[in-house]
Amino acid sequence: MSFISNNITNNIKPSITLLIDAKAKELKGKGFEVISLGVGEPDFDTPLNIKQAAIKAIENGYTKYTAAGGALELKKAIIGKFKRENNLDYSLNQVMVSSGAKQVIYNALMATLNPGDEVITLAPYWVSYPEMIKIAGGKPVIVETNFDDNFSINIENIEQAISPNTKWIILNSPNNPCGSVYSKQELIKLAEMLAKYPHVHILCDDIYEHLLYNNEKFFNLAEVVPHLKDRILIVNGVSKAYAMTGWRIGYAAGNEELIKAMGVVQSQSTSGACSISQMAAVEALNGPQDFISSHKQIFQNRRNFMVEKINSIRGLSCLSPKGAFYLFINCQKLLNSKTTEGELITNSADFVNYLMDRALVATVSGSSFGAEGYFRISYATSEKNLAQAVDRIKKACEELQPNG
Ligand code: PLP
């Protein structure tokens, strides 16, 4: 009998993106020049004013436990952000701070799921959703979206997936991994359908809110359909917009009963987020915001460069994503081909391993996101790395031979 629980051993996969990043770092440590396009974190440094706020917090002795649900100053900054950017009103009892958006989602699922409760998740999905749902005792119900439809939401398919056991639907726009963004019209239509099912709550993961290209405007469901606000949990954080992945600050806004229950989970697990990071996050939300648009312009230029380059490689194709900093690349035409060593590439995991071994480029297989036949790259790295990576990917793809 294993010491490790059956649930963890049989049911839960480790975070693939973090594993790939670890493998890339290990190879780099051994002297290989690996280019890591695996993990989703901006390559920019955290802005100086934010770092200085953290240094000041340390110097002022702000180094003790904060209230479990977050420091008052940060909760006020979060309320201010929702008012300013999303035209949404929340009170102090309706927001909370956690150690990253990831913990917010985990708290929400732990606080609400009974065994067998279902959570609708649109594929391709962020790798952690299904695993967190399972850890919390729930059942992920996957609804696919398609490359040919620009990975947009199909309301009929979602409606068919709703059952009396559905507790949540998770929405993520801009989306990781495919970069799709839901329009106001799509959200209104979705809301019309969801209004018929009051037992279904909606978790909006808005972590890429600020990474929307070509001047598209971001819409959150609660802003578009205020009558559903009580059923909506907004998840956001400072990781992606403020280049603060390592500081581990995420936040939530939702109805008071839910936030209170999430607070119970958090107070008995982590006791809350790091005090110093919380003061840095206050500065991130209240301080100057101008670097966000310059970062965004850089990401947009990289996206344009990569989309063109990838689509010029025989056997690969991708859409131009509207947001986030990933390309979700179709590699179906290269499956069932052979490497120069005679190894067969049968699926996207084989393809990604091949790119790691042959091209020394770390990417993530589509199967990890619930979409076989694709792989994801992150373009949150320098132009030099990107140019070198696509050259290597191109060469590796050209070496593949049709099988038989
Ligand atoms: N949600 C999505 C869709 C993400 O891609 C990520 C990080 O990759 C997160 C949440 C977690 O963000 P955080 O660093 O705030 O935990």
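The figures here come from the full heavy-atom set of this structure, side chains too, leaving out hydrogens, waters and symmetry mates. Remember, it's 1-based here, ligands and their atoms both numbered in the order they're listed.
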| said: What I'd like to find out is whether the side chain of Val361 reaches to under 4.5 Å of the side chain of Met356, using heavy atoms alone. | reply: no

| remark: Per ring pair (Phe, Tyr, Trp, His ring centres under 6.0 Å), Phe299 is matched among Tyr326, Tyr213, Phe44 by Phe44

Identify all N/O pairs between ligand 1 and the protein with a separation under 3.5 Å and present them as a table of atom names and distances.
from: ligand 1; atom 1: 1 (N); to: Asp205; atom 2: OD2; distance (Å): 2.6
from: ligand 1; atom 1: 5 (O); to: Asn176; atom 2: ND2; distance (Å): 2.7
from: ligand 1; atom 1: 5 (O); to: Tyr208; atom 2: OH; distance (Å): 2.7
from: ligand 1; atom 1: 8 (O); to: Lys240; atom 2: NZ; distance (Å): 2.7
from: ligand 1; atom 1: 14 (O); to: Ser239; atom 2: OG; distance (Å): 2.8
from: ligand 1; atom 1: 14 (O); to: Arg248; atom 2: NH1; distance (Å): 2.8
from: ligand 1; atom 1: 15 (O); to: Ala101; atom 2: N; distance (Å): 2.7
from: ligand 1; atom 1: 15 (O); to: Ser239; atom 2: OG; distance (Å): 3.2
from: ligand 1; atom 1: 16 (O); to: Ala101; atom 2: N; distance (Å): 3.1
from: ligand 1; atom 1: 16 (O); to: Lys102; atom 2: N; distance (Å): 3.0
from: ligand 1; atom 1: 16 (O); to: Arg248; atom 2: NH2; distance (Å): 2.8

| Which pairs with one or both residues in residues 312-321 pass side chain to side chain donor-acceptor pair (under 3.5 Å), sequence neighbours excluded? | none

| remark: Scanning both residues in full, the closest heavy-atom pair of Ala362 with Ala24 reads CB-CB, 4.0 Å

| message | Going by the rule side-chain hydrogen bond (donor to acceptor under 3.5 Å, both in side chains), which residues pair with Lys167 if we only count those two or more places apart in sequence or in a different chain? | response | Asp117

| field | Sequence-distant partners of Thr66, side chain to side chain contact (heavy atoms under 4.5 Å, CB included), two or more places apart | value | Tyr62, Ala71, Ser275, Gln278

